[in-house]
**Student:** 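After the structure tokens below, expect a handful of questions from me.
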Amino acid sequence: MILNSLNPAQQEAVQAPLGHQLILAGAGSGKTRVLTHRIVWLVEKENISPFNILAVTFTNKAANEMRSRIESMLSMPTKAMWIGTFHGLSHRFLRSHWQEAGLPQSFQILDSDDQFRMIRRVIHALNLDEDRFPPKEAQWFINGQKEEGREPHQVEPRDIAGQMFIRIYQAYQEACQRAGVMDFADLLLKTCKLLQTNATLRAHYQARFRCLLVDEFQDTNNLQYEWLKLLAGENNAVMIVGDDDQSIYGWRGARIENIHCFSKDFPGAKIIRLEQNYRSTSVILEAANALISKNSGRLGKNLWTEGKTGDPITIYAGFNETDEAFFIVNRIRDLRQNSYSLRQIAILYRSNAQSRVIEEALMQFGIPYRVYGGLRYFERAEIKDALAYLRLLTNLSDDPAFERIVNTPPRGIGDRTLTTIREYAKASGLTLWQALEQLLEQKQFTTRTETALLSFVNLIKTMIERTLALELHKQVEYVLYASGLIDHYRKEKGEKGLTRMENLEELVNAAHQFTQEGVPDEMSPIAAFLAYAALESGDVQAEVYDDCVQLMTLHSAKGLEFPVVFLAGCEEELFPHYLSMGDPKALEEERRLCYVGVTRAMHKLYMSYAEVRRMHGKEAYHRPSRFLHEIPVELVEEIRFRTKVSRPQAMMSTYQPEPEGRFHVGQEVRHRVFGDGIVLDIEGDGDDMKVTVRFPKLGTKVLIASYLTEK
DNA sequence: CGGGAAAAGCTTTTT
DNA sequence: GCTTTTCCCG
């Protein structure tokens with residue numbers, strides 16, 4: 001193992017004695033390298049068997065990457081090592097111990113969309129008003145309770161409405177149990193509960209995992225922390241890696257506090273800081289450091305680099321969002337001339353809605369781009385339809401799957417028929433499938449409905465018989481055609497239907513590929529495939545060979561790096577977002593988000609804002625983001641193009657403001673970075689005053705007045 | 001059942 | 001304002 005490729009702090013972390021370690025790893029400080037080297041070190045130097053190691057990450061992508069890196073460094077198989085996400089590892093645990101956990105062997109996993117539908121059904125079944133008890137809120141409530149480790153009976157009701165939400169939670173939980181399904185949070189919760197109550201299992205796993213490693217620890221929630229403590233027990237060594245300054249998922253339950261609690265809960269924990277950055281220029285790092293220093297309660301870190309100073313950060317004041325987009329596109333064209341390839345350039349923004357204007361500008365100039373995010377493969381409606389058939393075949397009790405496909409494609413089973421089935425099921429505590437069978441026996445329907453229902457029942461039964469012996473991908477293929485899904489989407493007009501057909505056909509390939517890569521022995525291929533689809537909803541990664549500008553939100557940019565970064569929409573109300581501005585905690589998270597954005601850039605960072613922006617249909621005038629002001633002036637170069645779009649002629653000629661205060665046209669002024677120049681124009685007043693200055697060597701620049709002094 | 005009109009969102013996202 | 005979902009009627 002080559003340790004001399006690591007810096008002293010990294011080496012210290014990799015070679016740390018077997019105990020608790022807290023690695024505070026700044027952006028671009030090589031934390032993944034440290035983590036993988038550490039695991040290799042444990043195996044090679046501490047003689048820990050891969051069998052005794054467990055490593056947790058937040059995404060499947062990170063887990064896969066970690067395993068393959070370790071494999072390439074280690075001369076032995078890593079199969080015995082547990083590497084995965086909290087959810088993936090919990091799933092693996094519950095598959096082995098479904099009996100102890102009181103689960104059906106073929107239990108399936110609900111994604112958040114399935115969960116939402118199921119909760120809505122439950123609310124209807126309880127005869128509650130959807131307006132008074134919105135499914136979204138119930139979902140938020142339920143997931144929140146689960147993250148705190150509370151089952152329905154453990155929740156303290158706050159008020160009458162809270163009491164109702166508990167009842168919804170209770171009913172939802174019962175419905176899940178009946179259907180043999182569990183949601184994401186259940187995977188963690190059931191694992192924790194089982195480890196808490198079953199001393200034998202707890203002892204077994206605590207004895208096994210002598211070394212536990214957690215990546216991105218600042219993103220853990222309470223339940224995940226509990227999960228870790230249960231497996232760690234008294235004797236196992238825990239290494240966590242994280243960066244409190246990059247915690248940007250507080251809004252979905254991540255507790256930055258966990259990283260603060262670690263030293264207390266894991267006695268003797270040693271803190272090691274990785275502060276040397278290998279990514280960015282010192283200008284970018286200084287800006288990031290200055291920005292994040294405005295936050296309180298940090299563990300504290302100061303990134304530094306041995307690298308170049310680099311160019312100043314460019315701040316562009318656009319007239320409106322179109323002007324901003326054109327600025328970006330123009331700069332991209334320049335960069336391209338300067339031998340940057342498009343894939344080295346990223347445009348980051350706070351919210352997805354911002355991408356449209358930028359996309360239009362890129363399209364207009366024929367610049368290829370790729371937008372990250374959006375619906376992923378296994379989340380597409382047509383794919384979920386197909387998977388619901390597979391789910392129902394595996395498990396006729398799967399009510400959410402039943403609901404989804406009973407009338408997809410349309411086969412004459414309407415809402416009234418379904419209501420009858422649902423009510424019967426509810427009254428007799430049966431699953432929808434059982435209720436349907438009993439009602440058919442009792443001849444409860446009109447002839448037409450009965451025919452429709454019978455053909456559905458027969459369809460499913462035939463599918464089960466016919467696919468039993470088939471290989472997984474043949475099963476999928478059979479289901480696609482026999483269900484009529486293919487025909488259904490074929491009829492859908494336009495490009496949409498075509499894409500959906502292609503997606504469905506792709507599912508056969510996906511299934512084939514899945515079986516080739518090997519199915520865990522303890523599961524049936526179909527169950528394994530379904531679990532895979534639910535847990536790993538499929539990347540929409542840009543292919544590396546595509547030379548495209550990368551567009552994404554700041555959140556999805558985390559963990560990535562780009563030679564050139566444009567950070568668009570740096571305006572108050574948008575970034576920081578208006579919904580976060582009232583709450584100091586949320587505001588600090590926005591600042592961390594900005595920190596994440598700034599530290600993505602390797603060589604060149606552009607930040608831009610628009611003076612006028614159409615938001616929710618209205619023209620809104622926002623001030624430049626406070627984050628821009630938190631970056632030291634000497635690191636910044638502010639510019640504004642005087643394009644036609646950016647300022648109507650009329651305003652210039654009729655409105656010539658008399659210089660208020662310190663500056664007037666023709667005056668000689670001084671700037672800390674650019675030196676001496678002459679004032680050409682003045683706009684606005686007070687804090688917003690912008691002064692156009694001509695500098696002898698640098699040309700004309702528009703600057704904020706407070707950055708200038710009289711000569 | 002399907003299409004068009006009305007209404008409701010509208011920050012960030014992984015599992 | 002624009003887009004997505006829901007609702008209502010032929």
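Residue numbers begin at 1 in each chain, while the letters A, B, ... track the order of the sequences. Side chains included, hydrogens not; waters and symmetry mates left out as well; all remaining heavy atoms used.
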**Student:** For dT15(B), does the base pair up with any side-chain atom of Ser112(A) as donor and acceptor (N or O, under 3.5 Å, distance only)?
**Tutor:** yes

**Student:** Rounded to whole Å, how long is the line connecting atom CZ of Arg613(A) with atom C1' of dT11(B)?
**Tutor:** 14 Å

**Student:** Please report the distance separating the C1' of dT3(C) from the corresponding atom of dT14(B), rounded so that it comes out in whole Å.
**Tutor:** 24 Å

**Student:** Does Asn60(A) put a side-chain nitrogen or oxygen below 4.0 Å from OP1 or OP2 of dT15(B)?
**Tutor:** yes

**Student:** Assuming nearest nucleotide by heavy-atom distance, tell me which of Glu379(A) and Arg411(A) is located more 5' along DNA chain B.
**Tutor:** Arg411(A)

**Student:** Could you please spell out the steps behind the salt bridge (Lys or Arg N to Asp or Glu O under 4.0 Å) verdict for Lys146(A) and Asp183(A)?
**Tutor:** CA-CA 10 Å; Lys146(A) 287 184 176 178; Asp183(A) 59 39; 2.5 Å; yes

**Student:** Could you walk me through whether Lys384(A) and Glu379(A) satisfy the salt bridge (Lys or Arg N to Asp or Glu O under 4.0 Å) test, starting with their C-alpha distance in whole Å, then the side-chain angles of each, then the deciding distance to 0.1 Å, before giving a yes or no?
**Tutor:** CA-CA 6 Å; Lys384(A) 297 212 65 179; Glu379(A) 287 169 1; over 6 Å; no

**Student:** Hey, is Glu403(A) close enough to Arg117(A) for a salt bridge, meaning N to O under 4.0 Å?
**Tutor:** no

**Student:** How many whole angstroms separate atom CZ of Arg614(A) from atom P of dT3(C)?
**Tutor:** 13 Å

**Student:** Using whole Å, report how far CG of Leu535(A) lies from P of dT15(B).
**Tutor:** 9 Å

**Student:** Pick the P atom in dT13(B) and in dC2(C), then give their distance to the nearest Å.
**Tutor:** 23 Å

**Student:** If the test is ring pair (Phe, Tyr, Trp, His ring centres under 6.0 Å), which one of Phe133(A), Tyr172(A), Phe165(A) qualifies with Phe141(A)?
**Tutor:** Phe165(A)

**Student:** If we only count heavy atoms from C-beta on, is the Arg623(A) to Glu573(A) side-chain gap below 4.5 Å?
**Tutor:** no

**Student:** Across all strands shown, which nucleotide pairs with dT4(C) by Watson-Crick or G-U wobble geometry, both distances under 3.5 Å?
**Tutor:** dA7(B)

**Student:** I need the CG-P distance between Asp113(A) and dT5(C), as an integer number of Å.
**Tutor:** 10 Å

**Student:** Between dT15(B) atom C1' and Ile109(A) atom CD1, what is the distance in whole Å?
**Tutor:** 9 Å

**Student:** Evaluate Arg376(A) against Asp111(A) for salt bridge (Lys or Arg N to Asp or Glu O under 4.0 Å), listing each step before the verdict.
**Tutor:** CA-CA 12 Å; Arg376(A) 278 157 322 161; Asp111(A) 69 12; over 6 Å; no

**Student:** Tell which nucleotide pairs with dG10(C), taking only Watson-Crick or G-U wobble pairs whose two distances are both under 3.5 angstrom.
**Tutor:** dC1(B)

**Student:** Tell me whether the rings of Phe86(A) and Trp227(A) are parallel (<30°), tilted (30 to 60°) or perpendicular (>60°).
**Tutor:** perpendicular

**Student:** DNA chain B: His616(A) or Asn407(A), which has the more 5' nearest nucleotide?
**Tutor:** Asn407(A)

**Student:** Kindly confirm whether the side-chain ring of Trp251(A) is stacked on the base of dT12(B), judged by centres under 5.5 Å and planes under 30°.
**Tutor:** yes

**Student:** Examine dT12(B): is either OP1 or OP2 under 4.0 Å from a nitrogen or oxygen in the side chain of Asn352(A)? Give yes or no.
**Tutor:** yes

**Student:** So, is Ser351(A) near the phosphate of dC10(B), with a side-chain N or O under 4.0 Å from OP1 or OP2?
**Tutor:** no

**Student:** Would you measure the distance from the C1' atom in dT11(B) across to the matching atom in dT6(C) and give it in whole Å?
**Tutor:** 24 Å

**Student:** What is the distance, rounded to the nearest whole Å, between atom CZ of Arg376(A) and atom P of dT13(B)?
**Tutor:** 10 Å

**Student:** Kindly state which residues belonging to residues 572-591 of chain A come within less than 4.0 angstrom of DNA chain B, counting heavy atoms of the residue only, listed by number.
**Tutor:** His577(A), Tyr578(A), Leu579(A), Ser580(A)

**Student:** How many angstroms lie between CG in Leu54(A) and CZ in Phe209(A), if you round to the nearest 0.5 Å?
**Tutor:** 5.0 Å

**Student:** Answer with base, sugar-phosphate or nothing: what part of the nucleic acid does Asp111(A) contact at a heavy-atom distance below 4.0 Å?
**Tutor:** nothing

**Student:** So is Arg121(A) actually on top of Phe116(A)'s ring, under 6.0 Å and inside 45° of the axis?
**Tutor:** no

**Student:** Applying salt bridge (Lys or Arg N to Asp or Glu O under 4.0 Å) to Arg613(A) and Glu324(A), what does each step give before you reach the verdict?
**Tutor:** CA-CA 10 Å; Arg613(A) 182 183 296 271; Glu324(A) 181 189 34; 3.0 Å; yes

**Student:** As a test of understanding, state which of Glu590(A), Lys585(A), Glu589(A) forms a side chain to side chain donor-acceptor pair (under 3.5 Å) with Ser580(A).
**Tutor:** Glu590(A)

**Student:** Over how many whole Å does the gap from Lys558(A) atom NZ to dT14(B) atom P extend?
**Tutor:** 11 Å

**Student:** Got a sec? Which of residues 116-143 of chain A come in under 4.0 Å of DNA chain B, heavy atoms?
**Tutor:** Lys136(A)

**Student:** Could you check whether Gly412(A) gets within reach of a base, just the sugar-phosphate, or nothing at all, counting any heavy atom under 4.0 Å?
**Tutor:** sugar-phosphate

**Student:** In whole angstroms, how far is the P atom of dT13(B) from the CD atom of Glu536(A)?
**Tutor:** 19 Å

